Protein chains: 2
Amino acid sequence: MPTTTAAEQRADAKAQYNAYLAACPSQQLLARVSGKWVTLVLSALGSGPECDGDPRPMRYSELGRVLAGVSPKMLSQTLKSLERDGLVVRTATATVPVTVTYELTDLGLSLHGTVRQLKRWSEAHRDEVAAHQASFDSVR
Amino acid sequence: MPTTTAAEQRADAKAQYNAYLAACPSQQLLARVSGKWVTLVLSALGSGPECDGDPRPMRYSELGRVLAGVSPKMLSQTLKSLERDGLVVRTATATVPVTVTYELTDLGLSLHGTVRQLKRWSEAHRDEVAAHQASFDSVR
DNA sequence: CGGAATCCTAAATGATACTG
DNA sequence: CAGTATCATTTAGGATTCCG
């Protein structure tokens, strides 16, 4: 029996996939940055709780309140990854109950600008997309 | 036994989350549009296989080749959702083995422009992010 | 208050085989 | 060629509990 079957093909596909990622390396960063909570946190820190204000530092619990429904786990996780990427800074003040605030860095602000564009696109074309969906579904 | 425990709290969280989505409705579209394969397909159709060319129609199998590693399932699924959203058009020609091509619509092109910006951001700041990650990790 | 650790569920994703 | 159907797996996400 030849050794050329499923295992090889799988390895091959992986290799090709990695080759594609190597060709478009930004996809990896893009993927990391496109996460659900990443966008939301970025949005909150960049636009304030009202979704359209100015960037300002926010506390952990405040973020938790604004992004209602987020579990502490996801919030920590997201904030930590953003801090690791240098998009936010964490500031801990040693008051009696500890006070921790998160704020966008310049890098984070620049990304927020881009994300904001994507958000604007979403807002601008939401009706159009919805209309397409409706007509598509009605045919089915 | 009171009926106020896990189930209620879960429902409550859901409700709050929905409330937040209602406040920022574009997040839904944003989330749909930020999917891994969505970005990749959009990229391929918008920039050609080389990742930096011009938009042009591509065949199903060609997309499968370019996005090496994608399963037929994910490819179909992604293409169908994009078609449903009105971002791509599917054209089937009744040749002997069927020929099917996918192409960006104007709407899809406009999104591709925005995604391209995000990609550019990723490319431009990749080193910076990597540096931040490295220094962050070295402290830990 | 701000998180870390643990356990668990559901959804996304993928491999594979089969059909028009 | 262009998919669909099914099953296995990975992973994201979330509830809960405890620590500094």
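Chain A is the first sequence line, chain B the second, and so forth, proteins listed ahead of strands; every chain is numbered from 1. Hydrogens, waters and symmetry mates play no part in the numbers below; they use all other heavy atoms, side chains included. Predicted, not measured: the structure shown is a model, and the values here were computed from it.
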How many Å lie between OH on Tyr102(A) and C1' on dC1(C), as a whole number? 11 Å

Would you check if the side chain of Ser47(A) reaches a backbone N or O of Ala44(A) as a donor-acceptor pair within less than 3.5 Å? no

Rounding to an integer number of Å, can you tell me how far Glu62(A) CD sits from dG2(C) P? 10 Å

Could you tell me whether the phosphate oxygens of dG2(C), OP1 or OP2, come under 4.0 Å of any side-chain nitrogen or oxygen in Arg59(A)? yes

Separation of dC1(C) atom P from Leu75(A) atom CG, nearest Å, is 14 Å

Does Ser61(A) reach a base, just sugar-phosphate, or nothing at all? Heavy atoms under 4.0 Å. sugar-phosphate

Measure the distance from CZ on Arg90(B) to P on dC1(D) and round it to the nearest whole Å. 16 Å

Can you pull out every side-chain hydrogen bond (donor to acceptor under 3.5 Å, both in side chains) where at least one residue sits in residues 65-76 of chain A? Sequence neighbours excluded, please. Tyr60(A)-Ser76(A)

Gln117(B) and Gln117(A), any side-chain heavy atoms less than 4.5 Å apart: yes

Nearest-0.5 Å distance, CG of residue Leu45(B) to CG of residue Leu63(B): 5.0 Å

Side-chain N or O of Tyr60(B) closer than 4.0 Å to phosphate OP1/OP2 of dT4(D): no

May I have the distance from Arg65(A) (atom CZ) to dG2(C) (atom P), rounded to whole angstrom? 9 Å

Closest contact, heavy atoms only, Arg32(B) versus Asp85(B): NH2-OD2, 2.6 Å

Nearest-0.5 Å distance, CZ of residue Arg116(B) to CG of residue Leu42(B): 11.0 Å

If the condition is salt bridge (charged side-chain N to carboxylate O under 4.0 Å, His left out), which residues does Arg56(A) pass it with, not counting sequence neighbours? Glu62(A)

Could you run down the sub-3.5 Å N/O contacts of the protein with nucleotides 8-13 of chain D?
unit_1  : atom_1 : unit_2   : atom_2 : d
dG13(D) : N7     : Lys73(A) : NZ     : 3.3
dG13(D) : O6     : Lys73(A) : NZ     : 3.1

Once side-chain contact (heavy atoms from CB on, under 4.5 Å) is applied, do any residues pair with His125(A), and if so which ones, sequence neighbours excluded? Trp121(A), Glu128(A), Leu107(B), Ser110(B)

Nearest whole Å is fine: how far is dG14(D) P from Leu40(A) CG? 10 Å

Please list all pairs meeting side-chain hydrogen bond (donor to acceptor under 3.5 Å, both in side chains) that have one or both residues in residues 91-105 of chain B, counting only residues at least two apart or in different chains. Thr95(B)-Thr99(B)

Residues from residues 91-99 of chain B sitting under 4.0 Å of DNA chain D, heavy atoms only? Pro97(B), Val98(B), Thr99(B)

